[in-house]
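Order of listing sets the numbers, starting from 1, for every ligand and every atom in it. Here the structure is a predicted model, which is why all the values come from computation and not from measurement.
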Amino acid sequence: MGLRALTRETLLSPGDFVLPLFLHDLEVDEVIPSMPGCRRWSLDGMVKEVGEALAVGVPAVVLFPAVDHSLKTKRGEECFNYEGLVQRAIRALKSAYPELVVMTDVALDPYNIDGHDGIVEEGEILNDETIEMLCKQAVSQAEAGADIIAPSDMMDGRVGALRGALDTAGYQKVSICSYTAKYASAYYGPFRGALGSAPKSGDKKSYQMDPSNRREALRELLLDEDEGADIVMVKPAGAYLDIISDLREHTTLPVAAYQVSGEYLMIKSASAEGWICEESVMMESLIAIKRAGADMILTYFAKEAARLLRE
Ligand code: PBG
């Protein structure tokens, strides 16, 4: 026992976790059938949930809004509405828990009528027009009190543009966590169901990475470092441990990894059938991500895992 503890190479702690939260603009907390254990939270429900997460030592959350269909447009202007759902949620969280680290997703998919991360015109994603919109989105999130802005869209040049926009607006202290290596993955399926944000046509392969590629992640890393990223992320996590390890070896920046909805759900559903032990597989999946080199892990298991680690 003692010898094992002395020689253990990797330790997980509640402080490693970021809890992703789904929000909607309703008064009730709604169960998400395709994501057992997760809810679409009302603002009050979210504040309570985050209180519980903080109490078990989870220091951070990342917010994903399910935006009412009537607010979705071609260009996704709702993303920078001062009174938007995410903006109100950030203010509610920071006023309840000033010490909480609030991370926000920067991408247009929740607001875009086409369900893409960028603006679509004649079947093409408009990179530069999208970046302009993302800058407005990031500044409005920073204004509401976000600590870390996380662009998940993979548009070229967005990290540098966001850094410039945030600095100009006076938010030099707001960090950027870039989704540096975001693969075009089928593991995101349940998430898109939870938010009703699946692309209406086409797929995300023109801006997300090909799962066959490894060196390309290092190229993306160099670009993001150059553009001023503060944290670099790999997503999904479990099937991309080699990529996490590559980034860890090639950067001095903190590395984040996102254990995405499909990874979570495979563990949840197999254990619901009694085929695997949920707690053991959950902890093993998380320790593997940490061992590969992640400093922080975005996971829907954050609260459960933190609670177990505390026992
Ligand atoms: C899109 C976004 C996605 C996720 C986080 N941000 C989905 C996508 O790229 O379509 C996926 C997270 C998950 O599956 O848990 N901005």
Side-chain angles (χ1 to χ4, degrees), residues 17-23 32 34-40 60-67 72 76 78-79 85-86 103-120 125 127 130-131 133-134 137-138 141 146 148-155 158-159 162 176-211 220 231 233-240 256-269 282 285-286 289 294 296-302:
F17 302 137
V18 180
L19 174 65
L21 293 170
F22 301 114
L23 317 170
I32 307 175
S34 62
M35 293 273 293
C38 296
R39 277 159 208 269
R40 261 179 239 108
V61 297
V62 55
L63 306 179
F64 295 104
V67 173
K72 299 191 184 191
E78 175 66 14
C79 75
L85 179 57
V86 165
M103 189 190 269
T104 52
D105 194 58
V106 168
L108 296 185
D109 53 314
Y111 307 97
N112 177 275
I113 203 144
D114 301 301
H116 273 283
D117 290 3
I119 300 169
V120 187
I125 305 284
N127 194 84
T130 299
I131 288 182
M133 202 56 95
L134 298 177
Q137 181 179 21
Q141 293 172 347
I148 304 176
I149 302 287
S152 68
D153 58 287
M154 290 286 285
M155 302 296 145
R158 86 262 196 243
V159 170
L162 288 169
I176 296 179
C177 171
S178 176
Y179 284 65
T180 298
K182 180 175 185 180
Y183 285 89
S185 171
Y187 286 94
Y188 308 147
F191 173 96
R192 293 176 187 171
L195 293 183
S197 65
K200 297 286 170 307
S201 65
D203 52 43
K204 298 192 175 185
K205 291 185 180 152
S206 73
Y207 47 99
Q208 298 182 353
M209 284 174 56
D210 180 345
E220 295 284 351
I231 303 169
M233 198 195 296
V234 176
K235 175 183 174 186
Y240 296 84
Y258 196 150
Q259 183 180 52
V260 302
S261 54
E263 299 177 72
Y264 170 79
L265 214 66
M266 290 195 307
I267 296 174
K268 277 282 181 195
S269 54
M282 164 179 84
S285 70
L286 294 168
I289 295 167
M296 63 192 91
I297 306 173
L298 287 73
T299 173
Y300 302 97
F301 286 124

(request) Check for a donor-acceptor pair, side chain of Y207 on one end and backbone N or O of D117 on the other, with a separation under 3.5 Å. (result) yes
(message) Tell me the protein heavy atom at minimum distance from atom 10 (O) of ligand 1, and give that distance in Å.
(response) R192 NE, 2.4 Å
(request) Could you see which bit of D105 sits under 4.0 Å from ligand 1, with heavy atoms only: side chain, backbone, both or neither? (result) side chain
(message) Tell me the contacting part of Y258 for ligand 1: side chain, backbone, both, or neither, using a 4.0 Å heavy-atom threshold, strictly below.
(response) side chain
(request) Could you check atom 14 (O) of ligand 1 against the protein and tell me its nearest heavy-atom contact, residue, atom and distance included? (result) S261 OG, 2.7 Å
(request) Could you list which atoms of ligand 1 come closer than 4.0 Å to a heavy atom of K204? (result) 8 (C), 9 (O), 10 (O)
(request) Examine ligand 1 and decide if any of its atoms is less than 4.0 Å from a heavy atom belonging to K182. (result) yes
(message) With heavy-atom distances below 4.0 Å as the criterion, list the atoms of ligand 1 near F64.
(response) 5 (C), 6 (N)
(message) Test your reading of the model: is there a side-chain donor-acceptor pair from T104 to the backbone of I149, 3.5 Å cut-off?
(response) no
(request) Mind checking whether D109 contacts ligand 1 via backbone (N, CA, C, O), side chain (CB onward), both or neither, at a 4.0 Å heavy-atom cut-off? (result) side chain
(message) Are F17 and F301 an aromatic pair, judged by ring center distance below 6.0 Å?
(response) no
(message) Please tell me whether E263 and S285 have a donor and an acceptor in their side chains that are separated by less than 3.5 angstrom.
(response) no
(request) Answer yes or no: is there a donor N or O on one side and an acceptor on the other, between the side chain of Q137 and the main chain of A107, under 3.5 Å? (result) yes
(message) I want to know if ligand 1 touches Y179 in the polar sense, i.e. an N/O pair below 3.5 angstrom.
(response) no
(message) Among all protein heavy atoms in this structure, tell me which lies nearest to atom 12 (C) of ligand 1, with the distance rounded to 0.1 Å.
(response) F191 CD1, 3.2 Å
(message) Below 4.0 Å, non-hydrogen atoms only: which portion of A107 touches ligand 1? Side chain, backbone, both or neither.
(response) side chain
(message) Does the residue Y300 have a heavy-atom contact with ligand 1, meaning some pair of atoms that are separated by less than 4.0 Å?
(response) yes
(request) Could you list the residues that satisfy side chain to side chain contact (heavy atoms under 4.5 Å, CB included) with N127, not counting sequence neighbours? (result) I131, M155, D156
(request) Answer yes or no: is there a donor N or O on one side and an acceptor on the other, between the side chain of R158 and the main chain of D153, under 3.5 Å? (result) no
(request) Measure the distance from atom 5 (C) of ligand 1 to every protein heavy atom, then report the residue, atom name and distance (to 0.1 Å) of the closest one. (result) K235 NZ, 2.7 Å
(request) Check for a donor-acceptor pair, side chain of K182 on one end and backbone N or O of S152 on the other, with a separation under 3.5 Å. (result) yes
(message) Any heavy atom of Q259 closer to ligand 1 than 4.0 angstrom?
(response) no
(message) If the condition is side chain to side chain contact (heavy atoms under 4.5 Å, CB included), which residues does S185 pass it with, not counting sequence neighbours?
(response) Y187, Y188, P236
